[in-house]
*Asks:* 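Got a structure for you, questions after.
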Amino acid sequence: MLDARHRRRVRQALASLLSHHGPQGWWPVRTERARFETQTGERQTRGYHPGEFDFPRTREGRWEIVTGAVLTQNTAWSNVERALDALGAARVTAPEAMLALDPAGLGAIVRPAGYFNQKSRYLRAVAEWFMASDPALAAAPRSRATLEDVRPRLLAVRGVGPETADSVLLYAYSLPTFVIDAYTRRVLAAHGLADPTTPYEELRTACEAALDEPTAAERVRLWQESHAVIVEEAKAMRRETPAGTARRRR
DNA sequence: AGCCAGGCTACCG
DNA sequence: CGGTAGCATGGC
């Protein structure tokens, strides 16, 4: 997995996925994209911004990514959208607004995303982190040093594990870290590139080594797009072999 | 009718 | 360390 030949195969597989699926424009930031649409008159749904890498542009957008990253834990994105809609309808779109509610009240709003008792507690915990950390982080250099400073402290927040942390750092703050999730493991395994049980940190450093780029900005763009096309590919794989059909052949 | 979904915590040996 | 139960809704 870590030798030069495997790194090359990972890079080739990613290049193929990138050209096959095309620009993705992750992470979807619905509120900001809506504002952008009105300004330009473009019609683009669901907040994705393919080919543009300067999102999110606002505190509200960064917080929406944090919220979505927590809500999507082991949960279909369609259910997360329902919960985000409910938060918007209730005007609970800032960390301060979530902390102003009691946990049960917040849980009632995010109910469609499932695990709502846990997730309302997680959201309140990460709201505290966000209010304390976002001002400096938004202005910090998008460097490995910034990443290594903030990542352990984000991981210390209740409800934030490695995938949630890396999604926030990569997509809300454009920091150079690679997101490993169930999709990543499935796609790598399908290409015979990694054992899906490989520990998180090991997979992350391996993917980062395989998909290195000359500059920090290019690295972040590649890693943002890579995770997005891995998700597309994994969903395509699922459509071709739905659960229950001959996954286990012989 | 089940099985599954972009995890994480707590607890066990 | 590796393994597992519990958490919950909506789609197929």
Side-chain angles (χ1 to χ4, degrees), chain A residues 14 17 21 24-30 46-48 64-87 89-90 103-129 151-172 177-190 194-204 207 223-248:
Chain A
L14 238 302
L17 294 183
H21 293 288
Q24 299 297 312
W26 270 44
W27 186 289
V29 187
R30 302 141 53 101
R46 297 200 307 156
Y48 295 92
E64 187 189 326
I65 292 175
V66 175
T67 305
V70 169
L71 290 177
T72 199
Q73 290 172 1
N74 200 37
T75 298
W77 185 253
S78 57
N79 287 0
V80 177
E81 289 185 319
R82 290 169 181 271
L84 291 174
D85 287 344
L87 286 169
L106 181 56
I109 299 174
V110 300
R111 187 168 205 269
Y115 308 120
F116 53 85
N117 289 314
Q118 285 193 22
K119 285 177 179 174
S120 72
R121 290 204 320 271
Y122 293 172
L123 286 171
R124 291 165 56 82
V126 79
E128 303 271 13
W129 170 84
R151 191 172 186 270
R153 286 184 282 147
L154 180 52
L155 281 171
V157 175
R158 168 67 58 89
V160 177
E163 191 213 325
T164 305
D166 286 329
S167 295
V168 166
L169 296 169
L170 178 66
Y171 288 108
T177 188
F178 198 95
V179 178
I180 304 297
D181 63 0
Y183 286 160
T184 314
R185 292 176 188 277
R186 260 175 247 154
V187 170
L188 289 175
D195 177 344
T197 65
T198 310
Y200 187 97
E201 288 301 321
E202 192 177 327
L203 267 185
R204 179 170 76 96
C207 287
W223 294 355
Q224 288 182 343
E225 285 292 289
S226 294
H227 180 64
V229 296
I230 284 168
V231 171
E232 280 307 300
E233 176 65 9
K235 287 180 176 172
M237 285 165 45
R238 172 166 294 285
R239 283 193 295 274
E240 287 156 23
T241 52
T245 52
R247 171 129 342 151
R248 136 209 92 262

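Order of the sequence lines sets the chain letters (A, B, ...), proteins ahead of strands, with each chain counted from 1.
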*Asks:* Mind calculating the distance between CG (A/L71) and P (C/dT9) to the nearest angstrom?
*Replies:*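 In whole Å, C/dT9 P and A/L71 CG are 14 Å from each other.
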*Asks:* Using a 4.0 Å heavy-atom cut-off, does A/V187 contact any base of the nucleic acid, only the sugar-phosphate backbone, or nothing at all?
*Replies:*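 Since no nucleic acid heavy atom lies under 4.0 Å of A/V187, the category is nothing.
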*Asks:* Select from A/L155 and A/T72 the residue whose nearest nucleotide in DNA chain B is closer to the 5' end of that strand.
*Replies:*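 Here A/T72 is the residue nearer the 5' end.
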*Asks:* So, for A/Y200 and A/E163, which heavy atoms are closest and what is the spacing to 0.1 Å?
*Replies:*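 It is OH-CA, 3.7 Å.
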*Asks:* For A/V157 and A/Y171, find the nucleotide of DNA chain B closest to each by heavy atoms; which residue's nucleotide sits nearer the 5' end?
*Replies:*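 In this pair, the answer is A/Y171.
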*Asks:* Name the closest nucleotide to the A/P162 side chain, picking from C/dG11, B/dC8, C/dA8.
*Replies:*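 Taking heavy atoms from C-beta onward, the closest nucleotide is B/dC8.
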*Asks:* Taking OH from A/Y200 and P from B/dG7, how many angstroms apart are they, rounded to a whole number?
*Replies:*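 After rounding, the reported distance stands at 10 Å.
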*Asks:* Verify whether one side chain among A/T198 and A/D195 offers a donor that lies under 3.5 Å from an acceptor in the other.
*Replies:*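 Not at all, the side chains of A/T198 and A/D195 share no donor-acceptor pair under 3.5 Å.
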*Asks:* Specify the closest pair of heavy atoms between A/P112 and A/I109, including all atoms of both residues, with the distance to one decimal.
*Replies:*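 Taking A/P112 first and A/I109 second, the nearest heavy atoms are CD-O, 3.5 Å.
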*Asks:* Can you check the distance between C/dC12 and B/dG7, where both ends of the measurement are the C1' atom (answer in whole Å)?
*Replies:*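 To the nearest whole Å, 22 Å.
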*Asks:* Using a heavy-atom cut-off of under 4.0 Å over every strand shown, decide if A/A182 touches base, sugar-phosphate, or nothing.
*Replies:*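 The answer is sugar-phosphate, as A/A182 gets under 4.0 Å only of primed atoms, P, OP1 or OP2.
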*Asks:* Atom CZ of A/R111 and atom C1' of C/dG10: how far apart are they, to the nearest Å?
*Replies:*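 Nearest whole value for this atom pair: 11 Å.
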*Asks:* Expressed as a whole number of angstroms, how long is the span from A/I109:CD1 to C/dT9:P?
*Replies:*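 For the pair A/I109 CD1 and C/dT9 P, the rounded distance is 16 Å.
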*Asks:* May I ask you to say what A/V160 touches in the nucleic acid, namely base, sugar-phosphate or nothing, with a heavy-atom cut-off under 4.0 Å?
*Replies:*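 Sugar-phosphate: the residue A/V160, judged by heavy atoms under 4.0 Å, touches backbone atoms but no base.
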*Asks:* In whole angstrom, give me the gap between the P atoms of B/dA1 and C/dC7.
*Replies:*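 After rounding to an integer number of Å, I get 25 Å for this pair.
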*Asks:* Just to confirm, is there a sub-4.0 Å distance from OP1 or OP2 of B/dG7 to any side-chain nitrogen or oxygen of A/N74?
*Replies:*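 Affirmative; the distance criterion is met.
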*Asks:* Compare side-chain N and O positions of A/R82 against OP1 and OP2 of C/dG11 and report whether any pair is under 4.0 Å apart.
*Replies:*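 Looking at the OP1 and OP2 atoms of C/dG11, one of them is under 4.0 Å from a side-chain N or O of A/R82.
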*Asks:* Using whole Å, what does the distance between atom C1' of nucleotide B/dT9 and atom CG of A/N117 come to?
*Replies:*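 For the pair A/N117 CG and B/dT9 C1', the rounded distance is 15 Å.
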*Asks:* Using a distance-only criterion (donor-acceptor N/O pair, under 3.5 Å, no hydrogens), is the base of B/dC8 paired with the side chain of A/Q73?
*Replies:*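 No pair found.
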*Asks:* Measuring from atom NZ of A/K235 to atom CZ of A/R186, what distance do you get when rounded to the nearest 0.5 angstrom?
*Replies:*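 A/K235 atom NZ to A/R186 atom CZ measures 11.0 Å (nearest 0.5 Å).
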*Asks:* Does the side chain of A/T164 get closer than 4.0 angstrom to OP1 or OP2 of B/dC8 through an N or O atom?
*Replies:*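 Answer is yes, contact under 4.0 Å.
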*Asks:* Which atom pair, heavy atoms only, marks the closest approach of A/K119 to A/L71?
*Replies:*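 For A/K119 versus A/L71, the nearest heavy atoms are NZ-O, 2.6 Å.
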*Asks:* Can any side-chain N or O of A/E64 pair as donor or acceptor with the backbone N or O of A/R30 at less than 3.5 Å?
*Replies:*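 Yes; at least one donor-acceptor contact below 3.5 Å.
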*Asks:* Starting from the 5' end of DNA chain C, give me the residue, A/Y122 or A/N79, whose nearest nucleotide shows up first.
*Replies:*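 The residue mapped nearer the 5' terminus is A/Y122.
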*Asks:* For A/R185 and A/T197, which heavy atoms make the closest approach, and how far apart are they?
*Replies:*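 It is NH1-C, 4.1 Å.
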*Asks:* Check the phosphate of B/dA5 against A/R186, side-chain N and O only, distance under 4.0 Å to OP1 or OP2. Yes or no?
*Replies:*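 Yes, A/R186 has a side-chain N/O under 4.0 Å of OP1/OP2 on B/dA5.
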*Asks:* How close or far is atom P of C/dC7 from atom OH of A/Y115, stated in whole angstroms?
*Replies:*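 In whole Å, C/dC7 P and A/Y115 OH are 10 Å from each other.
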*Asks:* Using atom P of each nucleotide, how far apart are B/dC8 and C/dG10 to the nearest Å?
*Replies:*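 Each nucleotide's P atom is 22 Å from the other's.
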*Asks:* Which heavy-atom pair separates A/R204 from A/T177 by the least distance, and what is that distance?
*Replies:*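 Reported closest heavy-atom pair: NH1-OG1, 2.9 Å.
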*Asks:* Give a yes or no on whether the backbone of A/V157 and the side-chain of A/E128 come within a donor-acceptor separation of less than 3.5 Å.
*Replies:*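 No, the answer is negative, given that no donor and acceptor are paired below the 3.5 Å cut-off.
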*Asks:* Specify the separation, in whole Å, of atom CH2 of A/W77 and atom C1' of B/dA5.
*Replies:*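 Whole-Å distance recorded here is 13 Å.
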*Asks:* Side chain of A/S78 only, please: which of B/dA10, C/dG6, C/dG11 is the nearest?
*Replies:*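 Comparing B/dA10, C/dG6, C/dG11 against the side chain of A/S78, the answer is C/dG11.
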*Asks:* Would you please confirm or rule out a distance under 4.0 Å between OP1 or OP2 of B/dA5 and any side-chain N or O of A/R238?
*Replies:*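 Yes, such a contact exists.
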*Asks:* Dot-bracket, 5' to 3', for DNA chain B please: Watson-Crick or G-U pairs under 3.5 Å, [ ] where pairs cross earlier ones, | where the partner sits on another strand, dots elsewhere.
*Replies:* .||||.||||||.
*Asks:* Tell me the interatomic distance from A/E232, atom CD, to B/dA5, atom P, rounded to whole angstroms.
*Replies:*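 Rounded to whole Å, this separation is 16 Å.
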